[in-house]
> 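Take this structure first; my questions come after.
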2 protein chains.
Amino acid sequence: MALRHAVLAALLDVELSGYQLAKSFDLGVANFWYAQPQQLYAELTRLERDGLIAGREVVQDARPNKRLFRVTEAGLAELEDFTAASAKPPFIRDDLLVKVQAADDVDLGALIAQLDERASIAAAKIDLFGQLLRGMRGERTEEEFLRHGDRIGPYLTCMRGLAFEQGNRDWCERAIAVLTERRRAHTRA
Amino acid sequence: MALRHAVLAALLDVELSGYQLAKSFDLGVANFWYAQPQQLYAELTRLERDGLIAGREVVQDARPNKRLFRVTEAGLAELEDFTAASAKPPFIRDDLLVKVQAADDVDLGALIAQLDERASIAAAKIDLFGQLLRGMRGERTEEEFLRHGDRIGPYLTCMRGLAFEQGNRDWCERAIAVLTERRRAHTRA
DNA sequence: TGTGACTAGTCAATTTTATGACTACCATGG
DNA sequence: CCATGGTAGTCATAAAATTGACTAGTCACA
């Protein structure tokens with residue numbers, strides 16, 4: 001019952017098709033949730049069945065028709081309820097952390113390579129989030145935008161995404177430095 | 001196939017029972033993975049069946065007997081393989097972010113309350129991680145420990161956990177400030 | 001003398017996520 | 001003219017995670 005609300009939140013400002021939604025959730029831009037296309041289509045079906053969203057067919061030529069969805073009154077009410085209920089704290093579940101946890105017992109070269117890869121993925125995302133944020137605030141400074149802009153929700157979640165990736169990158173770099181130094185010391189001994 | 005390796009990594013340095021493992025994974029200290037007891041018991045059963053861990057019965061009086069598990073050679077090899085394979089990037093999946101994404105369309109009071117709650121949960125975790133880190137490095141400075149300590153894996157993952165929670169807290173506080181200001185401006189208008 | 005909390009688990013059912021394959025049709029490049 | 005890639009989706013299955021209940025003994029506390 002969580003993806004449900006993520007979809008509702010995503011459809012608040014824009015009318016989207018399943019496909020468009022899938023792209024923003026699946027690839028990259030999922031700044032506040034992540035899900036795969038199949039999951040989204042299934043959820044959209046359920047949401048429409050429950051009357052929380054309404055779809056309309058858009059006929060296109062030169063490409064397949066699509067169904068655009070928007071949130072209904074009932075959907076908004078549902079989101080309202082969801083917001084009032086208390087959220088369970090999030091947890092980290094990251095393969096890379098598992099690998100680092102085992103750092104003292106596995107091949108350091110392989111581990112460092114993984115950390116490197118992750119650091120550059122994080123760097124790419126940092127870039128992406130930076131662009132998104134600039135795009136949203138336009139000419140205004142961040143202060144200005146946060147004070148007077150409309151639709152700051154997406155901006156705030158994007159800020160969190162940015163900070164998360166910065167944390168990722170910084171930690172990766174630190175871990176690489178530490179592990180590299182230890183490997184050097186070890187091979188020398 | 002992911003919890004699998006997390007369990008292996010957790011059992012590298014200590015022999016633990018399912019119950020002990022469950023406590024560290026479930027409540028609080030899960031600095032590198034999260035899972036519930038039932039899931040862990042199931043995974044331990046599978047791991048033992050596959051020969052990646054070995055259990056031994058420990059008879060206790062005054063409390064139920066328990067089975068302590070340790071990683072076997074095969075288990076270590078499995079972890080080694082896992083480390084070499086590339087890790088998929090992690091994603092955020094947080095109810096609170098969904099709520100904030102919808103910030104422009106829901107009751108700000110409720111949302112701010114949620115952010116407040118989250119900020120204090122994060123603060124508590126920051127405390128906990130700080131204690132864990134101090135406990136691990138003992139008398140040494142962090143630099144010292146990371147250079148020469150044995151078992152830095154858990155220390156590094158704990159550092160990530162700490163940074164994550166700091167990120168959480170900072171973001172919550174920022175969001176609270178922004179939303180409070182907007183609410184003030186709005187109710188005045 | 002009972003009540004709740006802690007140790008140490010197990011069982012079953014359900015929900016949520018993930019994986020992979022598959023249909024169409026159009027446009028573009030080579 | 002044929003392969004590739006994008007749009008717009010569907011179907012089925014497998015794996016992982018969550019939820020809730022249940023056993024059984026010990027300890028402390030009131």
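In the text below, chain A, chain B and the rest are named by the order of the sequence lines, each starting its count at 1. Here the structure is a predicted model, which is why all the values come from computation and not from measurement.
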> Nearest to the side chain of B:Lys88, which nucleotide is it out of C:dA8, D:dA17, C:dT19?
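So the nucleotide nearest the side chain must be C:dT19.
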> To the nearest Å, give me how far apart CG (B:Leu16) and C1' (C:dA8) are.
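For the pair B:Leu16 CG and C:dA8 C1', the rounded distance is 14 Å.
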> Taking for each residue the nucleotide of DNA chain C with the nearest heavy atom, is it A:Ala2 or B:Pro64 whose nucleotide lies nearer the 5' end?
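It is B:Pro64, whose closest nucleotide lies nearer the 5' terminus.
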> Among C:dT7, D:dA17, D:dT26, which nucleotide has an atom closest to any side-chain atom of B:Ala62?
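When the side chain of B:Ala62 is considered, D:dT26 is the closest of C:dT7, D:dA17, D:dT26.
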> Find the distance A:Tyr34:OH to D:dA17:C1' and express it as a whole number of Å.
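Those two atoms, OH and C1', are 16 Å apart.
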> Hey, does the side-chain of A:Gln38 have a donor or acceptor N/O within less than 3.5 Å of a partner on the base of D:dG9?
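No such pair is found, so the answer is no.
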> Using 30° and 60° as the class limits, which term best fits the ring planes of A:Tyr34 and B:Phe91: parallel, tilted or perpendicular?
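Answer is parallel, since the angle falls under 30°.
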> Students often get this wrong, so: under 4.0 angstrom with heavy atoms, is B:Arg93 touching a base, only sugar-phosphate, or nothing?
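Sugar-phosphate: the residue B:Arg93, judged by heavy atoms under 4.0 Å, touches backbone atoms but no base.
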> For B:Lys23 and C:dA8, is the shortest distance between a side-chain N/O and OP1 or OP2 below 4.0 Å?
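The answer is no; no side-chain N or O of B:Lys23 sits under 4.0 Å from OP1 or OP2.
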> Could you walk me through whether A:Trp33 and A:Val7 satisfy the side-chain contact (heavy atoms from CB on, under 4.5 Å) test, starting with their C-alpha distance in whole Å, then the side-chain angles of each, then the deciding distance to 0.1 Å, before giving a yes or no?
CA-CA 9 Å; A:Trp33 200 264; A:Val7 171; over 6 Å; no
> A:Leu3 or A:Arg63: which one's nearest nucleotide on DNA chain C is closer to the 5' end?
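With A:Leu3 and A:Arg63 compared, the 5'-side residue is A:Leu3.
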> Anything under 30° is parallel, anything over 60° is perpendicular, the rest tilted; go ahead and classify B:Phe82 against B:His5.
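Rings of B:Phe82 and B:His5: parallel, as their planes differ by under 30°.
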> Any idea which of D:dT19, D:dT7, C:dA8 is nearest the B:Gln36 side chain?
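Of all the options, the side chain of B:Gln36 is nearest to D:dT19.
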> Which of these nucleotides, D:dG9, D:dA8, C:dT17, is closest to any side-chain atom of A:Ser17?
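The listed nucleotide nearest to A:Ser17's side chain is D:dG9.
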> What is the separation between atom OH on B:Tyr19 and atom C1' on C:dT10, rounded to the nearest whole Å?
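These atoms are roughly 14 Å apart.
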> Of all the choices, D:dA8, C:dG9, D:dT18, which nucleotide is nearest to the side chain of A:Gln60 once you look at every atom?
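The nucleotide sitting nearest to the side chain is D:dA8.
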> Regarding A:Glu181 and A:Arg184, does a basic nitrogen lie under 4.0 Å from an acidic carboxylate oxygen?
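Yes, charged N to carboxylate O under 4.0 Å.
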> Expressed as a whole number of angstroms, how long is the span from B:Tyr41:OH to D:dT23:C1'?
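It is 13 Å, rounded to the nearest whole Å.
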> Using whole Å, report how far CG of A:Asn65 lies from C1' of D:dT10.
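Checked: the CG to C1' distance equals 16 Å.
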> Round to a whole Å and report the spacing from CD of A:Glu43 to C1' of C:dT17.
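That distance rounds to 12 Å.
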> The test is side-chain contact (heavy atoms from CB on, under 4.5 Å); show your working for A:Leu11 and A:Leu47 and say whether it passes.
CA-CA 12 Å; A:Leu11 291 175; A:Leu47 280 165; 5.7 Å; no
